[in-house]
Amino acid sequence: MKRVIVGLSGGVDSSVAAYLLKEQGYEVIGLFMKNWHDDSVTISDECPWLDDSNDAMLVADKLGIPFQTVDLSEQYKERIVDYMFDEYQKGRTPNPDVLCNREIKFDVFMKIALDLGADYVATGHYCRKGVSSVVNVIDGSSQETYHLQAGVDTNKDQSYFLCQLSQAQLAKALFPIGELTKPEVREIATKLDLVTADKKDSQGLCFIGKVRLPEFLQQKLKPKEGVIVEIPNDSDLYKAESLKFETKAEELNHLTRKIDYKVSDGNIVGQHQGAHYFTKGQRKGLAVGGTVEPLFVIDTDVEDNVIYTGQGKKHPGLFKSALFVTNEELHWIREDLTLKVNDTMKVKARIRYRQTLENATLYKLDSGLYVEFDNPQSAITEGQFVAWYLDDELVGSGVIS
């Protein structure tokens with residue numbers, strides 16, 4: 001009998017995942033990951049880890065499976081929290097959920113599970129895993145390729161969060177609820193009378209609970225007053241010159257260039273407590289009134305501590321039609337599809353979770369990979385992940401630079 005260790009988070013998705021695996025005849029063990037010690041920055045009532053671990057224990061008890069807790073807070077601090085601070089300090093916007101899957105659930109946690117004799121690790125993600133094999137004609141051995149596919153519930157598809165997984169990690173992963181929709185999962189939990197059946201989905205940092213981000217960041221990144229500048233929609237910075245490009249590489253370089261804003265390009269409309277607390281596309285927290293349309297952050301300058309904003313979600317400063325990923329931050333789940341220099345590939349891509357997939361073309365150059373979208377995208381943000389798909393299969397990803 002194959003042994004599966006399920007990351008029981010105390011939510012409904014992982015609870016039902018454990019139940020389904022047991023029904024399929026696996027030997028199932030529930031493991032709760034404790035990733036955080038500092039309770040001072042969580043919003044007190046919203047899913048502190050203690051309630052979650054209790055719920056996970058009750059679910060394991062109800063399903064009749066062994067249960068234990070592992071404390072990964074040290075690794076979590078090192079690999080996720082320190083990384084977040086580091087990225088914010090550089091003026092980039094990290095995605096801790098993607099990192100948490102790559103570094104914690106499918107690395108540290110997976111190693112613990114395999115040491116406990118597990119054949120697989122399972123989570124409650126809404127995505128699916130496929131497999132295809134190629135037989136070597138010479139020695140008859142077969143080479144397996146694993147496919148990460150979108151969940152059936154398009155509303156809840158979480159493949160994006162797993163965009164950094166490797167073939168080795170996928171080989172040992174199971175996603176039991178990927179074929180179900182959220183209402184179906186809740187229905188199963190209700191029938192089984194699981195304590196998690198009606199539990200709200202957790203928001204906030206993966207496995208920490210709902211963290212107050214500014215307070216969380218303030219532990220390390222000290223507040224520092226600076227100015228908020230509004231750039232007019234009709235600024236000369238956005239006037240398109242009709243440029244002639246010798247090569248596609250030149251054009252892509254132009255499309256991904258960063259506009260170098262200066263305070264003199266606009267009007268000072270307010271004060272802020274630190275540019276590193278803000279991210280491109282953000283509307284909340286600016287506390288500037290009196291504009292016809294709400295202000296959106298179009299850029300932050302952490303060196304000079306300035307936030308540049310524009311009125312309305314159609315402001316030209318929000319849009320770009322291409323982005324760049326360096327070779328160091330480029331990742332192929334489907335290693336067999338890796339592009340060689342000067343190769344191109346038509347894909348569908350997204351730059352954030354829940355964004356509808358957009359048509360795009362990948363261009364591989366010496367320096368890295370360009371992703372050019374058919375339609376301009378709003379708030380392409382450095383530090384976030386771009387993921388690209390062929391049909392419903394996520395084949396690669398990278399950090400937007």
Side-chain angles (χ1 to χ4, degrees), residues 2 4-7 9 13-14 16-17 20-21 24 95-111 113-114 118-134 142-182 185 206 325 329-339 345-360 362 369 371 384-400:
K2 297 265 188 201
V4 184
I5 289 190
V6 182
S9 65
D13 299 331
S14 60
V16 171
L20 293 172
L21 290 165
Q24 288 160 24
N95 189 318
D97 289 306
V98 172
L99 260 280
C100 181
N101 285 315
R102 184 184 83 190
E103 298 287 329
I104 303 294
K105 291 182 206 163
F106 292 93
D107 188 42
V108 179
F109 183 77
M110 187 172 257
K111 285 185 177 126
L114 298 177
D119 296 285
Y120 298 104
V121 163
T123 60
H125 282 104
Y126 286 86
C127 62
R128 293 168 298 153
K129 168 178 142 181
V131 61
S132 57
S133 48
V134 177
S142 73
Q143 170 73 40
E144 314 266 86
T145 299
Y146 296 96
H147 309 269
L148 176 64
Q149 290 161 300
V152 167
D153 187 340
T154 45
N155 236 346
K156 289 294 293 180
D157 167 43
Q158 290 171 317
S159 56
Y160 175 81
F161 289 135
L162 302 170
C163 69
Q164 287 276 297
L165 295 194
S166 65
Q167 283 291 311
Q169 288 170 316
L170 268 181
K172 296 284 181 196
L174 294 177
F175 308 113
I177 62 168
E179 300 284 347
L180 302 174
T181 63
K182 185 77 185 201
V185 166
C206 143
V325 176
E329 297 192 300
L330 178 57
H331 174 74
W332 289 89
I333 292 181
R334 286 286 304 278
E335 293 155 14
D336 55 318
L337 297 178
T338 305
L339 294 184
M345 184 190 273
K346 292 257 185 229
V347 294
K348 289 195 179 298
R350 56 167 56 109
I351 52 171
R352 58 182 68 89
Y353 173 53
R354 304 285 301 256
Q355 182 196 18
T356 47
L357 287 169
E358 300 275 341
N359 289 325
L362 307 181
L369 180 96
V371 182
Q384 291 278 301
F385 289 87
V386 55
W388 49 89
Y389 294 70
L390 293 175
D391 295 326
D392 70 348
E393 182 184 356
L394 198 167
V395 296
S397 68
V399 182
I400 299 168

Task: CG (Asp391) with more than 12 external heavy atoms under 6.0 Å - done: no
Open item on the list: Checking Lys172 now: which residues fulfil side chain to side chain contact (heavy atoms under 4.5 Å, CB included) with it, not counting sequence neighbours?
Closed with: Met110, Leu114
TODO: Mind checking side chain to side chain contact (heavy atoms under 4.5 Å, CB included) for Gln355 and listing every partner two or more places apart, or none if nothing turns up?
DONE: Arg350, Ile351, Arg352, Glu358, Gln377
Task: Partners passing ring-ring contact (aromatic ring centres under 6.0 Å, His included) against Tyr353 (at least two apart in sequence or in another chain) - done: Phe161
Task: Interatomic spacing from CG in Leu330 to OG1 in Thr338 - rounded to 0.5 Å - done: 8.0 Å
Task: Over all atoms of both residues, closest heavy-atom pair of Phe106 and Ala173 - done: CE2-CB, 3.7 Å
- [ ] Could you tell me the separation between the CD1 atom of Ile104 and the CZ atom of Arg102, rounded to the nearest 0.5 Å?
- [x] 10.5 Å
TODO: Output yes when a side-chain donor or acceptor of Gln164 lies under 3.5 Å from a complementary backbone atom of His331, and no otherwise.
DONE: no
TODO: Please round to the nearest 0.5 Å and tell me the distance separating atom CG of Leu148 and atom CD of Gln167.
DONE: 10.0 Å
Task: Atom of Ser14, atom of Val6 and distance for their closest heavy-atom approach - done: O-CG1, 3.9 Å
Open item on the list: Distance check, rounded to the nearest 0.5 Å: Cys100 atom SG versus Asn95 atom CG?
Closed with: 10.5 Å
TODO: Side-chain contact test, heavy atoms from C-beta onward, threshold under 4.5 Å: evaluate it for Thr145 versus Asp336 and give yes or no.
DONE: yes
Task: Closest non-hydrogen atom pair, Gly398 against Trp388 - done: N-CZ3, 3.9 Å
Open item on the list: For Asp157 versus Gly151, what's the shortest heavy-atom pair and its separation?
Closed with: OD1-N, 3.0 Å
Task: Leu99 vs Phe385 side-chain heavy atoms within contact, under 4.5 Å - done: yes
TODO: With sequence neighbours excluded, tell me which residues meet side chain to side chain contact (heavy atoms under 4.5 Å, CB included) with Glu393.
DONE: His147, Gln149, Arg334, Val395
- [ ] Sort out for me which residue in Thr123, Ile333, Asn101 forms a side-chain contact (heavy atoms from CB on, under 4.5 Å) with Leu162.
- [x] Asn101
Task: Residue pair Asn155 / Tyr126, side-chain heavy-atom distance below 4.5 Å - done: no
Open item on the list: To the closest 0.5 Å, what do you measure between CG (Asp13) and CD1 (Ile177)?
Closed with: 4.0 Å
- [ ] Determine whether Val121 and Leu174 make a side-chain contact, defined as any pair of heavy atoms from C-beta on separated by less than 4.5 Å.
- [x] no
Open item on the list: Would you say that Leu20 contacts Leu180 through its side chain, given a criterion of any heavy-atom pair below 4.5 Å between the two side chains?
Closed with: yes
Task: Flag side-chain contact, heavy atom, 4.5 Å: Thr181 against Lys156 - done: no
Task: With Ala387 via side chain to side chain contact (heavy atoms under 4.5 Å, CB included) - residues at least two apart - done: Tyr160, Cys163, Tyr389, Leu394, Ser397
Open item on the list: Using every non-hydrogen atom in the two residues, find where Gln158 and Gly124 come nearest and quote the distance to one decimal.
Closed with: OE1-O, 3.9 Å
TODO: Indicate the atoms forming the closest heavy-atom contact of Tyr146 with Ala171, along with that distance.
DONE: CE1-CB, 3.5 Å
Open item on the list: Would you compute the distance between atom NZ of Lys348 and atom CG of Leu357 and round it to the nearest 0.5 angstrom?
Closed with: 7.0 Å
Open item on the list: For residues 120-131, which residue pairs pass the salt bridge (charged side-chain N to carboxylate O under 4.0 Å, His left out) check, not counting sequence neighbours?
Closed with: Arg128-Asp392
